[in-house]
Number of protein chains: 2
Amino acid sequence: MSTTPPAAARRATITDVAREAGTGKTSISRYLNGEMSVLSPELRARIEAAIERLDYQPNQMARGLKRGRNRLIGMLLADLTNPYSVEVLQGVEAACHALGLMPLICHAANEVEMERRYLQLLTTYRVEGVIVNALGVREETLRPVGGGGIPAVLVDRSVEGLVADMVGLDNRAAAELGTRHLLDNGFDDIWFVVQPFEQISSRQLREAAFREVMSGEGGKGREGGPGGKGEGSRTGGKGNGDKGGARGHTLVLNLAEPAAVERALAELDRAIDAVGGSGGAVSSAADNAARSATDNATDNATDNATDNATVTAAVRAIGKPSRIALFAANAPVALCLALHLKARYGVDWQARVALLSIDDPEWAELTGVTTIRQPTYEIGYRAVEFLHERIEGVQTTARDCLLPGELIIRASTSR
Amino acid sequence: MSTTPPAAARRATITDVAREAGTGKTSISRYLNGEMSVLSPELRARIEAAIERLDYQPNQMARGLKRGRNRLIGMLLADLTNPYSVEVLQGVEAACHALGLMPLICHAANEVEMERRYLQLLTTYRVEGVIVNALGVREETLRPVGGGGIPAVLVDRSVEGLVADMVGLDNRAAAELGTRHLLDNGFDDIWFVVQPFEQISSRQLREAAFREVMSGEGGKGREGGPGGKGEGSRTGGKGNGDKGGARGHTLVLNLAEPAAVERALAELDRAIDAVGGSGGAVSSAADNAARSATDNATDNATDNATDNATVTAAVRAIGKPSRIALFAANAPVALCLALHLKARYGVDWQARVALLSIDDPEWAELTGVTTIRQPTYEIGYRAVEFLHERIEGVQTTARDCLLPGELIIRASTSR
DNA sequence: CTGTTAGCGCATTCAC
DNA sequence: GTGAATGCGCTAACAG
């Protein structure tokens, strides 16, 4: 019951409205496009009434077809499970709202195949542009966008061979900030834990910056743009630079492969156990825990047994007890680490290892983990603004917008 | 460099392809629609080649305009910040993928106004249906969908005055499961904490089921279908039923209003402090809390300025020290509680209060909180299936699909 | 089997 | 000021 008008039988079309208002379609169209000044107040009123009466709503599809632009943009997310994505999305939505755009959100769920399909679907729907948080793949998949194709702006990471605007965190600065914080707080055995980074520029930059700081070259200014391309050097940051010989290691955690994760965590465990007891006779209970550790979560598949396990520097025990800290390159990694450590060392795991993470997931505050919060909302907002400019025809050379991260110190590292 | 064809100058149209293949548009169209059996292998080959050469991709908009169906469905989410939403989304995407649908994801971000705008935007784009996880609003906003309008299926909660398929958790069973678990584990002072539930059916059902179990009427079987509509019984669960006089309370936590949250948490603190010292001299503060009790649930009317602070049952102190537990109606509430408790009682807060939550956020495992995991993926998947049937013309009466939750016992309640 | 003819709902010249 | 005609890219009858 209620006021619901007959409606919906079949949505009214512009023709219906024209007839209802006793005029031609042209006038209706003009009314719709706000060309009020060209309509006699009288006609305008009749149109208004007709529209109201028929509950008319212009068909965007038809409109887009004719006009050539449908106000649709695609938003391709690599992984919505990562809070980062959701937050960026908020900014994107706000900006779209403000600019009269409608974002088509596509979730690749970490599947390159999905990414490809969605991208092609988006072009099929003739979106005016896409903002993409790409998976590790290269140009190949993105062929339809960028330079020759539809306007695109990258988020968080750049894609090899794809020239387009990019907006994301200032990775170098963020990694430096975190590393310095750890160093300043007396940690002298720092492990930078990151997912495979050959393909993802942001991870590469973070890892490189971490290594630089650890090897003492930290002070040098930003070299060129965020390039992210030729970050080949694997010179383990075996430390001994300044900072009283603090050691730095890079551990790769391939979350997609349980077996690899297990191996990596095992290596980490050894390192932690090594600096274990502050005094002499250490581990004992540690060993027991150690057993159930490894097999705790991820021991299922063993997928295809590849080995991107550890790209690490030397692990050596020194005389004086050192303080160990883990620097997670992003939230998913941090969660994996926290889960593992908790399982292995109990609820009080943070007494043994400090954890710092880029990204500020909701559980960070709850567990007292120090983080570097990304300006996610702004990243999303700016991305849309860039894209909008591009859609409107701006032709400047590809831009990069690096926003600063904010260090949020919590119990885990402040001792 | 590379293979990228001249492309993109202006996307090729079906006419271009027809010309290129030396034939008419019709044949191209037929090819596109898989009517292969009606095309000579020879022509078919030519078309294939032409398409390849021009990198042609049919314009879905135009196609939709003509055909009347664009394979687009809307997915309106109330709050993407809630992991629940993201998980449901996964199911939705998978199902869409399988059924050849393209979901337009809209995020209302808890703003009713946004919800309205998006809904209207969706109809403007002529989506074939919408699956909506509505905000608390009623029919009003949803007018364009459901019965008279475009097909719709509700997720998680039903909307008053809106007849449509609904798929979600079996709230009664889930709340019972949780409550019983708590009772069985010796907790005799249980607080069900929930956001304002006058408008949200799922919250209502959870709260009602909780009260029923607490008041001892728990055993009775599911009455009738999942109706969800006429759940009238408001008999406060003042406890004293079976279960050795365990007491049950309902605390409303309006996360949208900081002040209200603070008040509610304060009440909780009093209760916790009351049972605090395991020793004798208890209650005192309990009395204060008791005051605001009785005027329990659903006294909605007072919508706005209301004080949805505490809708609780009598709080009575007993001689023997009681064990207190919090039953969060969903993840956001659980997080709020955990954050507060940790801030107030320190990292070891779980020693004082047990927490059980419906929803299984990623931090639950990390903090050892017991949860009732919802079959989110399936909920999303089923929702799309229902919608698809509807779109295809199925006319059965509105259906309700209630899926069971799974209790995941962790340290917080297992002692 | 294949090409022709009409529109889908709307925005645009271009006349009146 | 206002309205008729034309076509966006594509599908759907109808003929050949």
Side-chain angles (χ1 to χ4, degrees), chain A residues 8-48 50-51 54-72 123-128 150, chain B residues 8-48 50-51 54-72 100 121 123-128 150:
Chain A
R10 201 201 77 237
R11 298 249 57 136
T13 78
I14 198 175
T15 307
D16 298 325
V17 180
R19 187 170 355 85
E20 180 78 13
T23 179
K25 311 196 296 185
T26 311
S27 297
I28 309 299
S29 175
R30 289 196 174 113
Y31 175 87
L32 260 31
N33 294 311
E35 299 174 36
M36 302 307 193
S37 55
V38 203
L39 295 175
S40 66
E42 196 274 330
L43 209 204
R44 178 171 159 182
R46 266 158 48 211
I47 294 179
E48 220 147 54
I51 286 181
L54 272 48
D55 186 29
Y56 169 71
Q57 291 186 244
N59 182 328
Q60 291 295 355
M61 296 306 184
R63 177 181 289 211
L65 182 59
K66 183 69 200 163
R67 185 188 276 165
R69 48 180 356 202
N70 52 201
R71 311 280 61 195
L72 253 32
T123 76
T124 253
Y125 275 104
R126 296 294 188 274
V127 294
E128 298 183 40
I150 67 181
Chain B
R10 202 202 73 238
R11 299 249 57 137
T13 79
I14 197 175
T15 306
D16 298 325
V17 181
R19 186 171 354 88
E20 179 78 14
T23 178
K25 312 196 297 186
T26 308
S27 296
I28 310 298
S29 176
R30 288 194 175 114
Y31 175 87
L32 259 32
N33 293 310
E35 300 174 35
M36 301 308 194
S37 55
V38 203
L39 295 176
S40 66
E42 196 274 329
L43 209 204
R44 178 171 159 182
R46 266 156 52 209
I47 294 180
E48 219 147 56
I51 287 182
L54 273 48
D55 188 28
Y56 169 71
Q57 292 187 243
N59 182 326
Q60 293 294 357
M61 296 307 184
R63 178 182 289 212
L65 181 58
K66 181 69 200 162
R67 185 188 276 166
R69 49 177 0 200
N70 52 203
R71 312 280 59 196
L72 251 33
L121 201 55
T123 76
T124 251
Y125 275 104
R126 297 293 188 277
V127 295
E128 297 182 42
I150 67 183

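Contact annotation for B:Ile28: no contact, since no heavy-atom pair falls under 4.0 Å across all strands. At a threshold of 4.0 angstrom between heavy atoms, the contacts of A:Ser29 include nucleobase atoms, whether or not backbone atoms are also involved.
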- prompt: What pattern of brackets, bars and dots sums up DNA chain D from 5' to 3', given Watson-Crick or G-U wobble pairs under 3.5 Å, [ ] for crossing pairs and | for another strand?
  reply: ||||||||||||||||
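Remark: B:Gln57 engages A:Gln120, A:Thr123 in a side-chain hydrogen bond (donor to acceptor under 3.5 Å, both in side chains) (not counting sequence neighbours). Every residue meeting the salt bridge (charged side-chain N to carboxylate O under 4.0 Å, His left out) condition with A:Arg46, not counting sequence neighbours, appears here in chain and number order: A:Glu42. Here B:Arg126 pairs with nothing under the side-chain hydrogen bond (donor to acceptor under 3.5 Å, both in side chains) rule; sequence neighbours left out. Qualifying side-chain hydrogen bond (donor to acceptor under 3.5 Å, both in side chains) partners for A:Tyr56, counting only residues two or more places apart in sequence or in other chains: none. Evaluation of the side-chain hydrogen bond (donor to acceptor under 3.5 Å, both in side chains) rule for A:Arg30 yields no partner, not counting sequence neighbours.
Here the straight-line distance linking atom CG of A:Leu43 with atom CD1 of A:Ile28 works out to 7.5 Å at 0.5 Å rounding. In this structure, the separation between CD1 on B:Ile51 and CD on B:Glu48 is 7.5 Å, given to the nearest 0.5 Å.
Using a 4.5 Å cut-off on side-chain heavy atoms (C-beta onward), A:Asn59 and A:Thr13 make no contact. Contact of the A:Tyr125 side chain with the B:Leu72 side chain is registered, since non-hydrogen atoms from C-beta on lie closer than 4.5 Å. Contact of the B:Glu128 side chain with the B:Ile150 side chain is not registered, since no non-hydrogen atoms from C-beta on lie closer than 4.5 Å.
First and last contacting nucleotides of DNA chain C toward chain A (any atom under 4.0 angstrom from a heavy atom, 5' to 3' order): C:dG9 to C:dC14. Extent of DNA chain D lying under 4.0 Å from chain B heavy atoms, first and last nucleotide in 5' to 3' order, is D:dG9 to D:dC14.
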Contacts table for residues 18-27 of chain A: side-chain donor-acceptor under 3.5 angstrom, sequence neighbours left out:
| from | atom 1 | to | atom 2 | distance (Å) |
| --- | --- | --- | --- | --- |
| A:Arg19 | NH2 | A:Asp16 | OD1 | 3.0 |
| A:Glu20 | OE2 | A:Arg53 | NH1 | 2.2 |

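Annotation for B:Leu32 and B:Pro58: closest pair CD2-CB, 4.0 Å, computed over non-hydrogen atoms.
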- request: Step by step, work out the side chain to side chain contact (heavy atoms under 4.5 Å, CB included) result for B:Tyr31 and B:Val17.
  value: CA-CA 11 Å; B:Tyr31 175 87; B:Val17 181; over 6 Å; no
message: Using the rule given for side chain to side chain contact (heavy atoms under 4.5 Å, CB included), can you reason through B:Arg11 versus B:Asp55, listing the C-alpha separation, both sets of side-chain angles and the distance that settles it, and then say yes or no?
response: CA-CA 8 Å; B:Arg11 299 249 57 137; B:Asp55 188 28; 3.2 Å; yes
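Within residues 56-67 of chain A, the residues having any heavy atom under 4.0 Å from DNA chain D are, by residue number, A:Leu65, A:Lys66. Non-hydrogen atoms lying under 4.0 Å from DNA chain C are contributed by B:Thr23, B:Gly24, B:Thr26, all within residues 19-26 of chain B.
Screening residues 60-69 of chain B for side chain to side chain donor-acceptor pair (under 3.5 Å), with sequence neighbours left out, gives B:Asn33-B:Arg67, B:Arg69-B:Glu392.
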